[in-house]
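Structure, as structure tokens:
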Amino acid sequence: MTYTIEKITTLIGAHHYGENAADVAFILTDSRSLCFPEETLFFALQTNRNDGHKYIPELYQRGVRNFVVTDVPADRAETYPDANFLKVSNTLKALQRLAERHRDEFDIPVVGITGSNGKTMVKEWLYQLLSPEMFVTRSPRSYNSQIGVPLSVWLMDEHTQVGVFEAGISKPGEMAALRAIIRPTIAVLTNLGTAHQENFSSMEAKCREKLVLFHDARTVVYDADDAIVRRIVSKTDIQGETIAWSRRDKNAAFYVSEVKKEDAMSVVSYIYKGVAGRYSLPFIDAASVSNSIICAVVALQLGLSRDALDRRMRLLEPVAMRLEVKEGQHGCTLINDSYNSDINSLDIALDFMNRRPDHKGRRHTLVLSDIYQSGKASRELYKEVSDLALKRDVEKFIGIGPQLCAQAEEIQLPEKFFFHTVEQFIHSEVFRSLHNEVILLKGARKFGFDQVTELLVKKVHETILEVNLNNVVENLNHYRSFLKPTTKLVCMIKADAYGSGSVEIAKTLQDHRVDYLAVAVADEGVTLRRNGITANVMIMNPEMTAFKTMFDYDLEPEVYSFRLLEALIRAAEKEGITDYPVHVKLDTGMHRLGFDPTADMKRLIDRLKHQNAIIPRSVFSHFVGSDSDAFDDFSARQFALFDAGSKQLQAAFSHKILRHMDNSAGIEHFPERQMDMCRLGLGLYGVDPRTNAMLQNVSTLKTTILQMHCVKAGETVGYSRKGVIEHDSLIAAIPIGYADGLDRRLGNRRCYCLVNGKKAPYVGNICMDVAMIDVTGIDCREGDSVEIFGDHLPVTVLSDVLETIPYEVLTGVSTRVKRVYFQD
């Protein structure tokens with residue numbers, strides 16, 4: 001659906017500057033996601049950290065001609081002669097209002113889903129249940145925020161028969177705007193959990209905020225077994241039909257009479273509005289069963305028959321809520337999104353691939369299956385696919401399925417190949433020739449793309465480190481919440497980003513516009529540059545032999561001594577370099593590295609003033625004990641020394657020199673000492689350095705059970721017969737050892753891992769490549785997953801046993817352990 005620019009002006013109540021006719025089909029809030037500039041309307045959103053107005057020149061140069069702004073450029077007529085500027089008082093409110101007016105165009109069932117967990121799972125499963133006979137428009141991935149919801153609702157078009165949208169909130173007062181945009185005919189509360197509880201006075205208060213979504217809905221669906229939800233619902237003025245589901249109350253509208261679990265299947269028996277039914281679900285975990293019950297209620301309410309519900313529940317597929325990035329064979333990078341296939345999620349995945357900075361010099365390849373239930377004629381659909389691929393810089397297209405084979409002429413890419421089945425592709429020369437490419441795998445699960453993934457992924461080890469990039473961003477934003485809008489941020493990614501993998505972490509941080517990345521040595525910075533990182537990079541421990549490398553790769557060194565300073569000046573002068581940025585370190589009490597902020601300042605300033613090879617970009621120091629209140633007096637003396645020394649340096653130069661001293665602990669503990677910039681280290685990776693508590697876990701070290709043995713009492717396990725078995729036990733071997741970073745001091749029952757959620761202590765000495773664990777009494781089998789540390793077993797448990805710090809455990813994970821990255 002398209003709108004004229006005049007119509008949009010009226011809908012959002014804007015003042016129109018410009019007289020150019022335009023049709024708008026696409027909304028843009030992130031300049032990096034531009035695809036169809038001619039039909040795009042850019043909303044210049046303003047936040048505490050960024051201002052969309054500054055991207056207008058770049059977007060205009062790239063072909064965008066329509067902008068919603070709060071300030072019209074003064075040189076509009078001269079610089080932007082073909083542009084339309086729609087001036088409003090608040091661009092976010094204007095975006096939401098446009099989505100509201102777009103929603104007015106549809107008199108169809110719309111499902112709004114809120115809750116603490118399960119929103120995306122319920123949304124995706126509803127799509128799987130309904131889409132065989134209805135055209136469903138749904139939120140892409142987790143687009144459930146104040147920005148994501150209007151972008152999702154905008155995707156509804158003339159083909160849409162049912163809308164399914166998530167609504168996520170994190171603080172009071174947010175749901176009203178989302179309700180006005182979604183205006184659900186069916187409103188669903190999945191559950192009430194602890195997420196974002198810090199922003200609400202009580203669970204009841206959070207429940208009331210979520211239930212704002214229920215206002216004016218014709219049908220509301222909720223869990224009557226949750227006492228808080230049941231009580232708040234009873235006190236809420238709900239006009240529509242209430243459908244409570246319950247596993248306890250036989251009088252509930254949807255009563256679950258039995259859940260019978262078999263080997264890999266759950267059979268759910270229910271009574272819905274007085275009529276009995278049942279369905280089989282190919283999952284047995286409690287969360288999946290609960291989510292399926294919600295889906296059943298909504299699907300039946302929308303007219304799906306009980307027989308159809310049972311048939312389709314049996315076919316439900318796992319939901320990959322995150323794009324999975326893996327290292328592939330032959331220099332390839334794999335982006336796995338092979339769980340569903342529709343045009344909207346294709347665009348999101350292509351955008352994700354296109355925004356990765358490691359694409360330079362590597363072809364972008366799209367492997368796509370037939371797209372079903374699009375509501376469009378095949379020729380029209382695959383022409384749109386072709387246009388999207390071209391706009392997103394795809395160079396090679398591999399189509400799999402009879403529809404794509406039949407519509408091969410509609411795919412206009414210069415390099416294209418078509419196969420009727422995955423098997424044909426796997427056995428082709430095209431598959432064998434994949435080399436040094438970024439490959440997006442996007443397909444309906446029925447085509448068996450998992451075979452392609454299995455063959456393409458680089459095989460290194462059954463032990464992996466899963467890195468949750470979403471949680472990196474969550475932790476980043478947690479610490480940003482303590483910062484003033486003007487305070488810059490350095491993110492520490494030395495030691496391979498604390499073991500998480502510096503390249504992928506750097507890409508994520510660059511995407512979220514941190515001001516600086518910091519590594520230890522020049523080689524780490526070179527790795528970032530060679531993988532497309534363009535952000536400012538600080539070298540904390542520069543080696544004199546690496547000056548030329550730093551100059552060649554635009555890496556900014558720390559300077560901490562006169563010897564280093566003189567060598568750096570000479571090297572820069574030899575290269576004919578002037579005003580190369582450096583970062584001056586002052587020693588205020590760490591007594592590790594740095595200039596003396598009192599004795600050295602006059603000489604330092606004099607030397608810096610009498611040369612032009614380098615220029616101080618920042619000046620900084622380290623708090624010795626910001627993680628403990630016991631050192632507050634010492635920290636105050638440190639800050640006083642730094643404040644005086646850094647001000648003396650600044651006074652000697654006319655340009656702005658950034659001052660920074662707060663680290664992760666200091667950001668929270670000393671907000672008044674933020675100055676111009678702060679440095680975020682351990683907190684970024686999920687550990688609060690002040691409390692040793694976990695924030696959002698980033699890294700999960702996992703392995704699998706290789707073999708299991710029954711070992712009799714009195715026998716021993718492992719080298720040197722250290723693991724004496726006191727009673728008949730079941731012992732499992734796992735493929736991880738001290739060469740992978742599993743410290744030998746954890747052995748002999750000093751610590752444990754988790755097997756299916758149960759504690760399994762390490763037995764005997766930990767070997768180089770293998771460890772043994774006691775799984776007696778644990779329901780497990782060979783091949784089951786084992787968590788060494790992660791979401792359910794905090795890394796701090798291991799560091800406490802080892803009487804060390806989490807840094808040591810995280811950075812100790814060997815490079816031979818494969819890293820797997822997840823991103824929404």
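Side chains are part of it too, since the values below use all heavy atoms of this structure and drop only hydrogens, waters and symmetry mates.
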*State whether the side chain of Arg819 and the backbone N or O of Val817 hold a donor-acceptor pair below 3.5 Å, judged by distance alone.*
yes

_According to salt bridge (charged side-chain N to carboxylate O under 4.0 Å, His left out), who are the partners of Asp676, at least two apart in sequence or on a separate chain?_
Lys656

*Closest approach of Lys585 to Leu593 (non-hydrogen atoms, all atoms of both residues)*: CE-O, 3.6 Å

*Got a donor-acceptor contact below 3.5 angstrom from the Arg673 side chain to the Met661 backbone?*
no

*For the residue pair Trp154 and His102, does the interplanar ring angle fall in the parallel (under 30°), tilted (30 to 60°) or perpendicular (over 60°) class?*
tilted

*Salt bridge Lys702-Glu466, side-chain N to carboxylate O under 4.0 Å*: yes

*Is the shortest side-chain N to carboxylate O distance from Arg138 to Glu124 below 4.0 Å?*
yes

*Going by atom types alone, do Tyr55 and Asn50 pair a side-chain donor with an acceptor below 3.5 Å?*
yes

*By side chain to side chain donor-acceptor pair (under 3.5 Å) - contacts of Arg49 (at least two apart)*: none

_Verdict with reasoning, Leu178 to Leu213, per side-chain contact (heavy atoms from CB on, under 4.5 Å)_ = CA-CA 8 Å; Leu178 303 186; Leu213 185 67; 5.7 Å; no

*Sequence neighbours excluded, which residues qualify as salt bridge (charged side-chain N to carboxylate O under 4.0 Å, His left out) partners of Asp223?*
none

*Would you check if there is a donor-acceptor pair between the side chains of His53 and Thr91 at a distance under 3.5 Å?*
no

*Write down the atom of Tyr516, the atom of Val537, and the distance for their closest heavy-atom approach.*
CD2-N, 4.2 Å

*How are the rings of Phe639 and Phe623 set to each other: parallel, tilted or perpendicular (split at 30° and 60°)?*
parallel

_Taking salt bridge (charged side-chain N to carboxylate O under 4.0 Å, His left out) as the definition, give me every residue that meets it alongside Glu166, ordered by chain and number, with sequence neighbours left out._
Lys123

*Is His792 atom NE2 crowded by more than 12 heavy atoms from other residues, nucleotides or ligands, each under 6.0 Å away?*
no

*Of all residues at least two apart in sequence or in a different chain, which pass the salt bridge (charged side-chain N to carboxylate O under 4.0 Å, His left out) check with Lys235?*
none

*Take Val490 and Val514, measure what side-chain contact (heavy atoms from CB on, under 4.5 Å) needs, and give me the verdict at the end.*
CA-CA 7 Å; Val490 184; Val514 301; over 6 Å; no

*Between Lys119 and Gly115, what is the shortest heavy-atom contact and its length?*
NZ-O, 2.8 Å

*For the student: nearest non-hydrogen atoms of Gln674 and Lys484, plus distance*: OE1-N, 3.1 Å

_Is it the case that the side chain of Asn471 and the backbone of Asn697 share a donor-acceptor pair, with hydrogens and angles ignored and the cut-off at 3.5 Å?_
yes

*asked:* Taking side-chain hydrogen bond (donor to acceptor under 3.5 Å, both in side chains) as the cut-off, I'd like each qualifying pair that reaches into residues 626-645, sequence neighbours left out, listed once.
replied: Thr588-Gln638, Ser626-Asn663, Asp629-His669, Asp629-Arg690, Asp632-His669, Asp643-Lys647, Asp643-Arg659

*Taking His583 as the fixed residue, which of Arg617, Glu558, Glu556 is the one that meets the side-chain hydrogen bond (donor to acceptor under 3.5 Å, both in side chains) rule?*
Glu556

_side chain to side chain donor-acceptor pair (under 3.5 Å) assessment of Thr796 paired with Asn692_ = CA-CA 7 Å; Thr796 51; Asn692 218 34; 4.8 Å; no

*When rounded to the nearest 0.5 angstrom, what is the spacing between NE2 in His478 and OG in Ser664?*
9.5 Å

*asked:* Restricting to non-hydrogen atoms, name the atom on Ser699 and the atom on Val467 that form the minimum distance, rounded to 0.1 Å.
replied: OG-CG2, 4.4 Å

_Taking atom CD as the centre, does Glu803 end up with more than 12 heavy-atom neighbours from other residues, nucleotides or ligands that are less than 6.0 angstrom away?_
no

_Steps toward side-chain contact (heavy atoms from CB on, under 4.5 Å) verdict (Phe43, Leu98)_ = CA-CA 11 Å; Phe43 283 79; Leu98 179 58; 3.9 Å; yes

*Looking only at heavy atoms, which two atoms of Thr700 and Asp791 are closest? And how far apart?*
OG1-N, 3.5 Å

*Is Glu209 salt-bridged to Lys206, going by a charged N under 4.0 Å from an acidic O?*
no

*Does the side chain of Ser170 come under 3.5 Å of the side chain of Asn199 through a donor N or O and an acceptor N or O?*
no

*Look at the rings of Tyr479 and Phe482 and say which category their plane angle falls in: under 30° parallel, 30 to 60° tilted, over 60° perpendicular.*
tilted

*Under the side-chain contact (heavy atoms from CB on, under 4.5 Å) rule, what do Ile493 and Leu528 come out as? Steps first, then yes or no, please.*
CA-CA 10 Å; Ile493 55 171; Leu528 299 182; 3.5 Å; yes

